[in-house]
Amino acid sequence: MRVVELTEKTWPAQERLFGPRGAAEGCWCMFFRLPNADFRQGSGEPNRRAARKLAESSEPVGLLAMEGDDAVGWVAVAPRSVYRRLDRSKVAAPPDPDEDLTGVWSVTCFFIHRTARRKGVGAELLQAAIKYATRKGAKTIEAYPVDTKGGKASSGELYHGTLSMFLDAGFMLVEHRGVRRALVRKPVG
């Protein structure tokens with residue numbers, strides 16, 4: 001398995017991985033980038049076009065885990081500032097509301113093909129995301145994973161990643177957010 005950046009060249013692999021449902025309900029990994037009304041209105045084909053446009057740009061979007069010519073996994077990683085929805089999220093709120101978030105990158109989503117789950121693809125994508133964000137100038141990387149202790153989570157909940165996966169990758173728990181979510185950070189710069 002190798003990990004590659006999502007670009008115009010790798011877009012066809014992303015499109016095949018996400019399939020006709022756009023990963024989940026026409027999302028195309030646009031949920032965190034768009035205000036709710038725009039996201040809902042764009043569900044499906046408009047979100048696919050927006051995602052493709054991002055892949056064709058020079059903007060950081062995310063990484064694909066590849067086996068041959070096929071993607072088996074995806075991680076969204078980019079500067080926090082491009083994820084507009086995070087600004088209004090209680091889970092993603094910075095611990096200090098006056099904190100300068102310049103240099104903070106976010107890992108928002110994972111999508112692992114059902115045939116590649118439970119094989120460490122998510123952990124490999126996370127390691128690659130850390131390296132990628134660091135090369136691109138991140139000072140801190142944060143995420144909003146699910147804490148699976150005390151109960152099993154559905155695959156629909158796990159797109160944020162698991163708290164244990166992030167802790168194993170050297171992230172620090174900033175605080176739990178609600179019963180099942182957490183804010184984690186890793187200084188890198």
Side-chain angles (χ1 to χ4, degrees), residues 1-7 10 13-14 17-18 23-24 27-33 51 54-55 59-68 70-83 85-86 89 91-92 94-95 101 103-149 152-178 180-189:
M1 185 173 68
R2 69 188 195 289
V3 177
V4 299
E5 183 177 4
L6 178 63
T7 64
T10 60
Q14 171 90 340
L17 173 66
F18 279 13
C27 180
W28 290 96
C29 214
M30 296 302 294
F31 179 81
F32 289 100
R33 289 178 174 267
L54 282 171
E59 184 176 328
V61 183
L63 305 170
L64 293 164
M66 303 291 294
E67 287 184 353
D70 293 319
V72 296
W74 159 257
V75 62
V77 56
R80 180 189 164 103
S81 60
V82 305
Y83 297 120
R85 195 177 289 247
L86 295 181
S89 167
V91 171
L101 297 173
V104 176
W105 281 51
S106 296
V107 174
T108 57
C109 307
F110 291 85
F111 182 79
I112 311 299
H113 191 273
R114 61 180 164 68
T115 62
R117 293 180 187 154
R118 299 190 179 276
K119 296 181 180 178
V121 174
E124 284 195 45
L125 280 167
L126 179 56
Q127 288 299 326
I130 294 165
K131 291 175 187 171
Y132 175 76
T134 303
R135 278 193 321 268
K136 295 283 189 174
K139 303 296 179 214
T140 301
I141 304 169
E142 69 177 23
Y144 326 99
V146 175
D147 187 351
T148 56
K149 284 187 181 171
K152 189 173 182 178
S154 72
S155 62
E157 292 176 278
L158 293 177
Y159 74 93
H160 299 289
T162 64
L163 177 58
S164 61
M165 181 176 71
F166 281 92
L167 296 177
D168 289 349
F171 283 74
M172 294 174 279
L173 174 63
V174 175
E175 64 185 19
H176 279 91
R177 301 281 172 94
R180 306 258 326 213
R181 298 292 295 286
L183 171 65
V184 295
R185 285 189 168 173
K186 180 178 180 79
V188 292

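What you are looking at is a predicted structure, and each value in this text was computed from that prediction instead of being measured. FYI, side chains are in, hydrogens and waters are out, and symmetry mates aren't considered; it's all heavy atoms of this structure.
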Looking at every non-hydrogen atom in both residues, tell me the closest pair between Gly161 and Phe166 and how far apart they are. CA-CE1, 4.1 Å
Rounding to 0.5 Å, atoms OG (Ser164) and NZ (Lys149) come to a distance of 8.0 Å
Is any side-chain heavy atom of Trp74 closer than 4.5 Å to one of Leu63? no
In the structure I gave you, are the side-chain heavy atoms of Val188 and Ile130 within less than 4.5 Å of one another anywhere? yes
Could you walk me through whether Leu126 and Phe110 pass the side-chain contact (heavy atoms from CB on, under 4.5 Å) test, one step at a time? CA-CA 9 Å; Leu126 179 56; Phe110 291 85; 4.2 Å; yes
Quick one, Leu163 and His176 - any side-chain contact, counting heavy atoms below 4.5 Å? yes
Side-chain contact, heavy-atom cut-off 4.5 Å: Val3 with Met66? no
May I ask you to test the Pro95-Leu183 pair for a side-chain heavy-atom distance under 4.5 Å? yes
Show, in sequence, the C-alpha distance, side-chain angles and deciding distance for Ile112 and Leu125, and conclude whether the side-chain contact (heavy atoms from CB on, under 4.5 Å) test is met. CA-CA 10 Å; Ile112 311 299; Leu125 280 167; 3.8 Å; yes
If you count heavy atoms of other groups shown closer than 6.0 angstrom to CZ of Arg2, is the number above 12? yes
Is Glu59 paired with Lys136 through a side-chain N to carboxylate O contact shorter than 4.0 Å? no
Out of the candidates Thr162, Leu173, Val184, only one should pair with Pro145 under the side chain to side chain contact (heavy atoms under 4.5 Å, CB included) rule; please name it. Val184
Within-4.5 Å side-chain heavy-atom neighbours: Met172 and Lys186: no
Decide side-chain contact (heavy atoms from CB on, under 4.5 Å) for Phe31 and Arg85; before the verdict, give the C-alpha distance in whole Å, the side-chain angles of both, and the deciding distance to 0.1 Å. CA-CA 8 Å; Phe31 179 81; Arg85 195 177 289 247; 3.2 Å; yes
Parallel under 30°, tilted from 30 to 60°, perpendicular over 60°: which one fits the rings of Phe18 and Trp28? tilted
How far apart are the closest heavy atoms of Met165 and Gly122, and which atoms are they? SD-C, 3.6 Å
For Ala78 and Arg33, which heavy atoms make the closest approach, and how far apart are they? CB-NH2, 3.7 Å
Smallest separation among heavy atoms of Thr10 and Leu64, with atom names: O-CD1, 3.7 Å
Just do the side-chain contact (heavy atoms from CB on, under 4.5 Å) check on Lys139 and Val104 with the steps written out, would you? CA-CA 6 Å; Lys139 303 296 179 214; Val104 176; over 6 Å; no
Taking every heavy atom of Ala129 against every heavy atom of Ile141, the minimum-distance pair comes out as O-CD1, 4.5 Å
Ignoring hydrogens and geometry beyond distance, is a side-chain donor-acceptor pair present between Thr108 and Tyr159 at under 3.5 Å? no
For the residue pair Val77 and Pro60, establish whether any side-chain heavy-atom pair is separated by less than 4.5 Å. no
Counting distance only, does the side-chain N/O of Arg181 pair as donor-acceptor with the main-chain N or O of Tyr144 below 3.5 Å? yes
In Å, rounded to the nearest 0.5 Å, how long is the span from CG of Asp70 to CG of Leu17? 9.0 Å
Heavy-atom distance under 4.5 Å between the side chains of Tyr132 and Glu5, does that happen here? yes
Could you report the tightest heavy-atom contact between Leu6 and Ala55, atom names first, then the distance? CG-CB, 3.8 Å
